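Model, not experiment: these values are computed from the prediction. The basis for the numbers below is simple: all heavy atoms, side chains too, and nothing from hydrogens, waters or symmetry mates. Each chain gets a letter, A, B and so on, in the order the sequences are listed, and its residues count up from 1.
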Number of protein chains: 2
Amino acid sequence: MKSIASTSEKILDIAQSLIVAGGYNGFSYADISAAIGIRKASIHHHFPTKAELVSVLVGRYRQQTETGLKSLREGISSPAEQLQAYVSYWHSCIRDASLPFCVCAMLASEMQMLPEDVASQVRGHFHSLAGWLASVLRAGTENGFFQLDKQPEEEAQILMASVHGAMLSARAFGDPGLFIAIVAPQIARLQAPD
Amino acid sequence: MKSIASTSEKILDIAQSLIVAGGYNGFSYADISAAIGIRKASIHHHFPTKAELVSVLVGRYRQQTETGLKSLREGISSPAEQLQAYVSYWHSCIRDASLPFCVCAMLASEMQMLPEDVASQVRGHFHSLAGWLASVLRAGTENGFFQLDKQPEEEAQILMASVHGAMLSARAFGDPGLFIAIVAPQIARLQAPD
DNA sequence: ATTTCTCTACCTACTAGTAGGAAGATAAAT
DNA sequence: ATTTATCTTCCTACTAGTAGGTAGAGAAAT
């Protein structure tokens, strides 16, 4: 794990934190320029247009997420604990303000005015996250850990919405603890009586 | 119900629809100007600054919401149906795209870079909405309509997060039906067994 | 007659994006 | 080994357009 970060990665990193804070229209090349000490034009060398920058950024985010979720499924045996780990990840992100909001949740709220490239990336993220959650729920049901009222796919949508809604509430109230207070009962509800 | 809309109300109407579509940074005085056929400078006469415009807008939204929720509580006797009416309201808004997202949910996602006036208004809305939901849940519990796992206040937070998360999912997937598919089971879950 | 509204005309700061070149590293050709 | 050419990265300087906001004149309503 080297800490050498290429310029383009630094650009993506700061752009990501700016998007999480203020969305697509909430940041500019000048903001990135000021943050990493490089001229605006140099950013255009790495990412010709803003739409392309954000598209690459969301692509990277999706890949990181995919990798992270995959390693959760491989590293943790119990579906209940896989779900718990996913939620805990976001809980710490929100608590220490490292990534206090999902990039795609942020962009999804601006869906109507996003470049089509970015919009379809965001849809893709929502789709694969819902898919991961559904597969965890299905595995847990087959093993008797979970007892679901609805189909795994539908429960996954409900859970995903709760997580995103909880992020929003935590942000609105400025209270990181609210995230887990909302999400934890939603997970507990899925657990089969022992 | 008169259809005479003052200029300042027309400004607020179009600004609201623009905010719902793209957030605080997603619209400009020029956009409003083009939409209602008035010069930019004339908008500044009614609302000197953008922060003030949005602050008034959110104030009006809060008041409309307060009035609407109050009339639901007064016009409908059953708490379960009050809740249903609230959800149905949003379902139709999303379906016919008249107000396909809560103004305050939109702004909450941008909380970190909102003018303080606006931010506190948004917090206020979340607080009073959560309060309304909690009081409906409490009334329903006392009358035996609802059977809650947690305190009414906590269940209200969970429900509010589900509603906002469901709005986001519906928008992300471009599927209005997803809203009710997510929210309906969350309400059903609160119902006491007959 | 005064207040309310809308206008033209303008300002400064900032937006994304471009043109063209300089510095340095790398690779190829001599 | 040294020249030559190429590639990458970053720079200064610039463009056209848009941002929020202002000053002041002219209507319109009270």
Side-chain angles (χ1 to χ4, degrees), chain A residues 2-58 60 106-107 110 112-119 121, chain B residues 2 4-60 106-107 110 112-119 121:
Chain A
K2 295 166 198 166
S3 65
I4 56 119
S6 73
T7 301
S8 58
E9 274 169 345
K10 277 195 271 186
I11 291 170
L12 292 175
D13 288 343
I14 180 70
Q16 179 165 305
S17 75
L18 290 169
I19 286 176
V20 166
Y24 188 88
N25 290 307
F27 80 102
S28 71
Y29 274 43
D31 293 330
I32 302 172
S33 165
I36 64 175
I38 198 181
R39 297 292 126 175
K40 259 188 355 164
S42 307
I43 304 171
H44 279 286
H45 166 73
H46 294 278
F47 305 100
T49 67
K50 190 179 183 179
E52 202 169 310
L53 163 56
V54 177
S55 184
V56 171
L57 185 154
V58 178
R60 187 185 71 150
M106 191 72 204
L107 292 172
E110 302 175 293
Q112 298 190 352
M113 42 137 289
L114 246 39
E116 181 47 38
D117 283 12
V118 178
Q121 290 260 34
Chain B
K2 294 167 198 167
I4 56 119
S6 73
T7 302
S8 59
E9 274 169 347
K10 278 195 270 186
I11 292 169
L12 292 175
D13 288 343
I14 181 68
Q16 179 165 306
S17 74
L18 290 168
I19 286 176
V20 165
Y24 188 88
N25 290 308
F27 80 101
S28 70
Y29 273 44
D31 293 331
I32 302 173
S33 165
I36 65 176
I38 198 180
R39 300 290 128 176
K40 262 189 349 167
S42 306
I43 304 171
H44 281 285
H45 167 73
H46 295 278
F47 305 100
T49 69
K50 190 179 184 180
E52 201 168 311
L53 163 56
V54 177
S55 184
V56 170
L57 185 155
V58 178
R60 186 185 71 151
M106 191 72 205
L107 292 172
E110 303 176 295
Q112 298 189 353
M113 40 135 291
L114 246 38
E116 181 47 38
D117 283 12
V118 179
Q121 290 260 33

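Closest approach to the A:Arg39 side chain among D:dG20, D:dT22, D:dC11 is made by D:dC11 (side chain taken as heavy atoms from C-beta onward). In the set D:dG21, C:dA19, C:dG17, D:dG21 carries the atom at the smallest distance from any side-chain atom of B:Tyr29. The side chain of A:Lys50 sits closest to C:dA16 out of D:dC11, C:dA16, D:dT22. With C:dG17, D:dA19, D:dA13 as the choices, the nucleotide that has an atom nearest any side-chain atom of B:Ser28 turns out to be D:dA19.
Across all strands, B:Phe47 comes closer than 4.0 Å to no nucleic acid atom at all (heavy-atom distances). At a threshold of 4.0 angstrom between heavy atoms, the contacts of A:Ser42 include nucleobase atoms, whether or not backbone atoms are also involved.
Side-chain contact check for A:Phe47 versus A:Leu12: some heavy-atom pair is nearer than 4.5 Å. With contacts defined as side-chain heavy-atom distances shorter than 4.5 Å, the pair A:Asn25/A:Met113 qualifies.
Summarising the geometry, the separation between CD1 on A:Ile43 and C1' on D:dT8 is reported as 17 Å, rounded to the nearest angstrom. Separating the NE2 atom of B:His44 from the P atom of C:dT8 is a distance of 15 Å, rounded to the nearest angstrom. Atom CD in B:Glu52 sits roughly 14 Å away from atom C1' in D:dG20 (whole-Å rounding). Between A:Asn25 atom CG and D:dT18 atom P the separation is 14 Å, expressed in whole Å.
Both A:Asp31 and A:Ala41 lie near DNA chain C, and the one whose nearest nucleotide falls closer to the 5' end is A:Asp31. For A:Lys40 and A:His46, each mapped to the nucleotide of DNA chain D holding its nearest heavy atom, the one lying further toward the 5' end belongs to A:His46.
Contact annotation: A:Thr7 reaches the phosphate of D:dC10 (side-chain N/O to OP1 or OP2, under 4.0 Å). Contact check, B:His45 against C:dT6: no side-chain N or O comes under 4.0 Å of OP1 or OP2.
Exactly one residue among A:His45, A:His46, A:His44 makes a ring pair (Phe, Tyr, Trp, His ring centres under 6.0 Å) with A:Tyr29. That residue is A:His44.
Shown here for B:Met106 and B:Ile19, the closest heavy-atom pair between the two residues is CG-O, 3.3 Å. Here the closest non-hydrogen pair linking B:Ser55 and B:Val118 is N-CG2, 3.9 Å.
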